[in-house]
Colleague: 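One structure is given below, represented as structure tokens, and several questions about it will come after.
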Amino acid sequence: GGLWSTAYILIMHCACRFVSTRKRLLYVSVIPLIGVASELLQALHLLPGVFDWPDLIAYALPLAVYKTLPTSLKGRGV
């Protein structure tokens, strides 16, 4: 899940480079947040599946790293 999440973030970052920063963050966040939500719903037994801490971290970490990158690095493209 982490590699898919990271690949999605990178693709959306490049595809949305002419979009405002706020909209770009929204587009970049969609898939990772769905992954995090699905893991949390599994933990609460509201979604079939097995909750797994490594999966939760694998979805959340790439988005957290992306959000903490300085704007100057994000603006250059990937």
Colleague: Nearest heavy-atom pair of Ser5 and Ala58: which atoms, and what distance?
Modeller: CB-O, 4.3 Å
Colleague: Any chain of hydrophobic side-chain contacts (each under 4.5 Å) joining Leu47 to Val50?
Modeller: no
Colleague: Mark yes when over 12 heavy atoms from residues, nucleotides or ligands other than Leu44 sit less than 6.0 Å from its CG; otherwise mark no.
Modeller: yes
Colleague: Nearest 0.5 Å please: distance from the CG atom of Leu26 over to the CG atom of Leu33.
Modeller: 9.0 Å
Colleague: Quick check for you: to the nearest 0.5 Å, what is the distance between Leu63 atom CG and Tyr8 atom OH?
Modeller: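 Interatomic distance, Leu63 CG to Tyr8 OH, rounded to 0.5 Å: 10.5 Å.
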Colleague: Would you kindly confirm whether Ile57 and Leu41 end up in one hydrophobic cluster when ILVMFWY residues are joined by side chain heavy atoms under 4.5 Å apart?
Modeller: no
Colleague: Working to the nearest 0.5 Å, report the span between OH of Tyr66 and OG of Ser29.
Modeller: 8.0 Å
Colleague: Distance check, rounded to the nearest 0.5 Å: Leu25 atom CG versus His13 atom NE2?
Modeller: 11.5 Å
Colleague: Less than 4.5 Å apart, side chain to side chain, heavy atoms only: is that true for Val65 and Leu61?
Modeller: yes
Colleague: Might you point out which heavy atoms bring Asp52 and Glu39 nearest each other, and give the distance in Å?
Modeller: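 Nearest heavy atoms, Asp52 then Glu39: N-OE1, 3.1 Å.
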Colleague: Please check if Ile9 and Ile34 belong to a single hydrophobic cluster, counting links between Ile, Leu, Val, Met, Phe, Trp and Tyr side chain heavy atoms closer than 4.5 Å.
Modeller: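 Yes; Ile34 is reachable from Ile9 via cluster members.
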Colleague: I need the single residue from Val30, Val28, Ile31 that forms a side chain to side chain contact (heavy atoms under 4.5 Å, CB included) with Met12. Which is it?
Modeller: Val28
